[in-house]
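Data first, discussion second: the structure below is written as structure tokens.
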Amino acid sequence: AQSVTQLGSHVSVSEGALVLLRCNYSSSVPPYLFWYVQYPNQGLQLLLKYTSAATLVKGINGFEAEFKKSETSFHLTKPSAHMSDAAEYFCAVSSMDSSYKLIFGSGTRLLVRP
Amino acid sequence: NAGVTQTPKFQVLKTGQSMTLQCAQDMNHEYMSWYRQDPGMGLRLIHYSVGAGITDQGEVPNGYNVSRSTTEDFPLRLLSAAPSQTSVYFCASSYRGRYNEQFFGPGTRLTVL
């Protein structure tokens, strides 16, 4: 069965500091992986996705993620945090069955300190 | 494009009441789905549809019904609301395929007393 684990329910960084949000996946087949962001009282918005074309994926708002098969990881990074990055971030893997469902991690709330 | 729209934004029900959460998309997506979001649990799939007239159960379908008579609309019905159904509900749509981005609506926050 596929699953996603996000380490750290809360991550706090200073404005201008590196953002690192961790995601590990479990999948018996090559996965399709996604990072979504949820701002307060809003729906989810796609940040980036991995579909096997390139291991380093660049997304919106300066975020990027690197797919590492040997580590079964897909960590999200941003070199310099901005106050507007404060939100909840979800890592997800696309299910192998016919439901096309996304299997989500439990989410990481990013706090940015001024 | 309006994208994915959901109504209502907020709803309070009493135990045993029924209601329908509305979802519509204007992107001609074949695939539509309903998730519920609970603290610390991410999002979990309730029901999904791969096209008009075709629906199937997700991982937490009990207490919910769906139908898909048109490509655009995918309503979620709560038959007899229970406090355990207090949650935030999101509708999503996409083109078919595991690699496609799913577009999410703004959500409906439901409280069952």
Side-chain angles (χ1 to χ4, degrees), chain A residues 1-10 21 23-25 27-54 57 59-60 67 74 87-109, chain B residues 2-10 21 23-25 27 29-51 54-61 66 74 87-109:
Chain A
Q2 294 170 293
S3 65
V4 171
T5 301
Q6 291 184 243
L7 290 176
S9 59
H10 291 80
L21 304 182
C23 172
N24 288 88
Y25 69 90
S27 179
S28 58
V29 297
Y32 294 120
L33 294 160
F34 303 80
W35 274 101
Y36 281 85
V37 60
Q38 184 181 31
Y39 298 103
N41 300 313
Q42 294 188 25
L44 278 72
Q45 178 184 0
L46 183 70
L47 274 178
L48 49 81
K49 66 178 181 180
Y50 168 76
T51 57
S52 76
V57 181
I60 62 171
F67 173 73
F74 190 55
E88 189 153 23
Y89 292 80
F90 291 95
C91 183
V93 64
S94 183
S95 171
M96 336 167 12
D97 64 26
S98 60
S99 72
Y100 300 124
K101 73 179 180 186
L102 291 173
I103 300 166
F104 285 90
S106 55
T108 297
R109 185 167 298 279
Chain B
V4 180
T5 58
Q6 292 183 238
T7 56
K9 290 186 68 68
F10 302 94
L21 308 185
C23 174
Q25 53 91 11
M27 296 173 282
H29 286 162
E30 307 98 328
Y31 179 83
M32 296 186 74
S33 58
W34 278 100
Y35 291 87
R36 60 177 288 172
Q37 182 180 28
D38 301 293
M41 302 185 72
L43 283 76
R44 293 178 292 167
L45 183 68
I46 304 171
H47 285 285
Y48 67 96
S49 169
V50 297
I54 307 170
T55 64
D56 208 341
Q57 296 181 352
E59 56 185 313
V60 288
V66 292
F74 191 45
S87 187
V88 182
Y89 292 84
F90 289 100
C91 180
S93 74
S94 73
Y95 294 111
R96 291 177 67 169
R98 295 177 55 215
Y99 46 84
N100 287 315
E101 173 186 358
Q102 292 194 23
F103 292 83
F104 285 80
T108 295
R109 186 174 295 273

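Interface remark: of the candidates Gln37(B), Glu59(B), Met41(B), Gln37(B) forms the most heavy-atom pairs closer than 4.5 Å to chain A. Chain B forms the most heavy-atom pairs under 4.5 Å with one residue out of Glu88(A), Gln38(A), Gln42(A), Arg109(A), and that residue is Gln38(A). Considering only heavy-atom pairs separated by less than 4.5 Å from chain B, the leading option among Ser9(A), Gly105(A), Gly107(A), Ser95(A) is Ser95(A). When each of Ser94(B), Ser33(B), Ser49(B), Gly40(B) is checked for heavy-atom pairs under 4.5 Å with chain A, Gly40(B) comes out on top.
Of the atoms belonging to Leu45(B), it is side-chain heavy atoms, and not backbone ones, that fall under 4.5 Å from chain A. For Lys101(A), the parts sitting under 4.5 Å from any heavy atom of chain B are the backbone and the side chain alike. No part of Ile103(A) comes within reach of chain B, as not one of its non-hydrogen atoms sits under 4.5 angstrom from that chain. When heavy atoms are compared at a cutoff of 4.5 Å, Arg109(B) approaches chain A solely by way of its side chain, counted from C-beta outward. Neither the backbone nor the side chain of Gln57(B) comes within less than 4.5 Å of any heavy atom in chain A.
A ring-centre distance under 6.0 Å is found for His29(B) and Phe103(B). A ring-centre distance under 6.0 Å is found for Phe67(A) and Tyr25(A).
Neither side chain, Asn24(A) nor Thr5(A), offers a donor N or O lying under 3.5 Å from an acceptor on the other. For Ser27(A) and Gln2(A), the side-chain atoms include at least one donor-acceptor pair closer than 3.5 Å.
Aromatic ring orientation, Phe104(B) versus Phe90(B): perpendicular (interplanar angle above 60°, classes split at 30° and 60°). Aromatic ring orientation, Tyr36(A) versus Phe104(A): tilted (interplanar angle from 30° to 60°).
No salt bridge links Glu30(B) with Arg96(B); every basic N to acidic carboxylate O contact stays at or beyond 4.0 Å.
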